[in-house]
Amino acid sequence: MNKRTFLQAGLAAGAMAATAPAAALAQAKAEGRKLGYAMLGLGYYATQIIMPRFSECEHSKLTALVSGTPDKLAKYGAQYGIPEKSRYSYYTFDRIIDDPTVDIVYVVTPNSLHRTFTERAAKAGKHVMCEKPMATSVADGEAMIAACKAAGRKLMIGYRSRFEPHNLDAIALAGGGALGPVATIVADHGWTASDPNMWRVKKALSGGGSLMDIGIYSLNAARYLTGEEPIAVNAMESTDRSNPVFAEVEDTINFQLLFPSGATANCVSTYSANCNRYRVSGPKGWVEIDPATSYGGQTMRANLDGQAKPRTPPAVRKSQFAGQLDHLSECILTGRDPIVPGEEGLKDLRIIEAIYQAAREGRTVKL
């Protein structure tokens, strides 16, 4: 085979690889085939944010519910037309193995329960979408990945911002050289926590405080805006232990990340202030979004030519929620890997553990 023939063969193979997933999706759409999701955990995020978005999906539908509250199963089962045989308690959940309407289990429980339900779902032969953070420890994250691999099932973590148009545009600008080499990132995420009884401030359920909740948005944004993994972290904690909300978990953590390119990120995670923003800067300009990773209402400004002005990102067909749901279904239908697999969640967990260590020991922790 000469060079020209070799290149032609390579281009043909690449074209076939690119068109095969599209053909698979087109066939599934033509057949009216949608993959079924079981929503496990019927709290606010699941019932008010995620479940209504199935109506926007091309390849996903809600087919089962799992909850420890019978009233919720009855209410949402009736609302979404889920038959009683596909309504499960946490105790009867394993019977989902015999439910052919369920392809994927979406785990939306307190963090400490992510591992057990991911493992149970994989054992039942179901793919898994798991909310972030994927677990409360690196060891649990590794076990979740191993369980899904052993079962031959996909594991995706619910990083919805990776499907949101403003964030997608910021990633494209930062990674495409429009700013020059990324030099600095500032990311602040927080909300005001006032209920000492919510599960998010119970360490046995959450695994930690603001960093295991809202702070992960600052961390993940720093990683997807640089396209790199940090090599060192510093951190400082500030918590009023006299406040009953923070009897078990931290309030505010300021942390800094150093990346191999020399880029740095200064990040805030807090339960004592309302903030949701980031700015990524380079020698050619900057981009900022505020709010950045909220459920909606994102606004964007950019300075790409010496003048700061509002920026409208390219439109996308689906909301970040429907985009996330359909992405996993599309990956299953085409055999591709999700852009945010279990390994992505594990990377965040490793850095979170290093941030806690840096704050606790008052020193730089190398990764």
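Everything numeric in this text was worked out from a predicted model, so none of it was measured.
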Please test S210 against T270 for side chain to side chain donor-acceptor pair (under 3.5 Å), starting from the C-alpha separation and ending with a verdict.
-> CA-CA 5 Å; S210 70; T270 184; 5.8 Å; no

Would E344 and I157 satisfy side chain to side chain contact (heavy atoms under 4.5 Å, CB included), going step by step from the backbone distance to the final call?
-> CA-CA 8 Å; E344 174 74 4; I157 310 303; 5.6 Å; no

Determine, step by step, whether R162 and N167 satisfy the side chain to side chain contact (heavy atoms under 4.5 Å, CB included) criterion, reporting the C-alpha distance in whole Å, the side-chain angles of both residues, the deciding distance to 0.1 Å, and the verdict.
-> CA-CA 7 Å; R162 295 295 300 273; N167 284 269; over 6 Å; no

Stepwise side chain to side chain donor-acceptor pair (under 3.5 Å) test for S206 and N111 | CA-CA 5 Å; S206 64; N111 303 337; 5.4 Å; no

Determine, step by step, whether M51 and L42 satisfy the side chain to side chain contact (heavy atoms under 4.5 Å, CB included) criterion, reporting the C-alpha distance in whole Å, the side-chain angles of both residues, the deciding distance to 0.1 Å, and the verdict.
-> CA-CA 9 Å; M51 286 160 55; L42 299 181; 4.0 Å; yes

Please report the C-alpha distance between T264 and Q256 in whole Å, then the side-chain angles of each, then the deciding distance to 0.1 Å, and finally whether the side chain to side chain contact (heavy atoms under 4.5 Å, CB included) criterion is met.
-> CA-CA 7 Å; T264 60; Q256 297 78 43; over 6 Å; no

Under the side chain to side chain donor-acceptor pair (under 3.5 Å) rule, what do R160 and Q324 come out as? Steps first, then yes or no, please.
-> CA-CA 6 Å; R160 56 181 171 76; Q324 173 182 283; over 6 Å; no

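Here the side chain of K61 pairs no donor or acceptor atom with the backbone of G36 at under 3.5 angstrom. Although no hydrogens or angles enter the test, the distance criterion places no donor-acceptor pair under 3.5 Å between the side chain of K72 and the main chain of T47. A donor-acceptor pair is defined here as one N or O able to donate and one able to accept, closer than 3.5 Å; such a pair exists between the side chain of S55 and the backbone of P52. For N276 (side chain) and T293 (main-chain N/O), a donor-acceptor pair under 3.5 Å exists by modelled atom type. Distance alone, capped at 3.5 Å, is enough to place a donor-acceptor pair between the S218 side chain and the A187 backbone. The closest donor-acceptor contact from the side chain of T334 to the backbone of E330 lies under 3.5 Å. Formation of a donor-acceptor pair under 3.5 Å by the T299 side chain with backbone atoms of D290 is found in this model. A donor-acceptor distance shorter than 3.5 angstrom exists from the side chain of S269 to the backbone of L211, with no hydrogens or angles considered.
Within a 6.0 Å sphere centred on CZ of R317, other residues, nucleotides and ligands contribute 12 heavy atoms or fewer. Within a 6.0 Å radius of CD in E361, other residues, nucleotides and ligands contribute more than 12 heavy atoms. Other residues, nucleotides and ligands place more than 12 heavy atoms under 6.0 Å from the CE atom of M198. In this structure, R363 places its CZ atom where more than 12 heavy-atom neighbours from other residues, nucleotides or ligands lie under 6.0 Å away.
Residue pairs meeting the ring pair (Phe, Tyr, Trp, His ring centres under 6.0 Å) criterion with at least one partner in residues 134-177, sequence neighbours excluded, are F163-H327.
A centroid separation of less than 6.0 Å is found between the aromatic rings of Y45 and Y295. Between F117 and Y90, the distance separating the two ring centers is shorter than 6.0 angstrom.
S137 OG to R115 CZ: the interatomic distance, rounded to the nearest 0.5 Å, is 7.5 Å. Taken to the nearest 0.5 Å, the CE atom of M212 stands 10.0 Å off from the NZ atom of K203. For the atom pair OH (Y106) and CD1 (I50), the distance works out to 4.0 Å, reported to the nearest 0.5 Å.
Taking the side chain as every heavy atom from C-beta outward, D140 and H114 never approach each other to under 4.5 Å. Proximity of I351 to R223: side-chain heavy atoms (C-beta onward) are separated by under 4.5 Å at one or more points.
In terms of heavy atoms, Y271 sits closest to G209 at CE1-C, 3.7 Å.
Residues D326 and K318 are paired through a salt bridge, judged by an N-O separation under 4.0 Å between the basic side chain and the carboxylate. A salt bridge between D94 and K123 is absent, with no side-chain N of the basic residue lying under 4.0 Å from a carboxylate O of the acidic one.
Between Y278 and Y224, the ring planes are perpendicular. Angles over 60° get that label, and only those under 30° would be called parallel.
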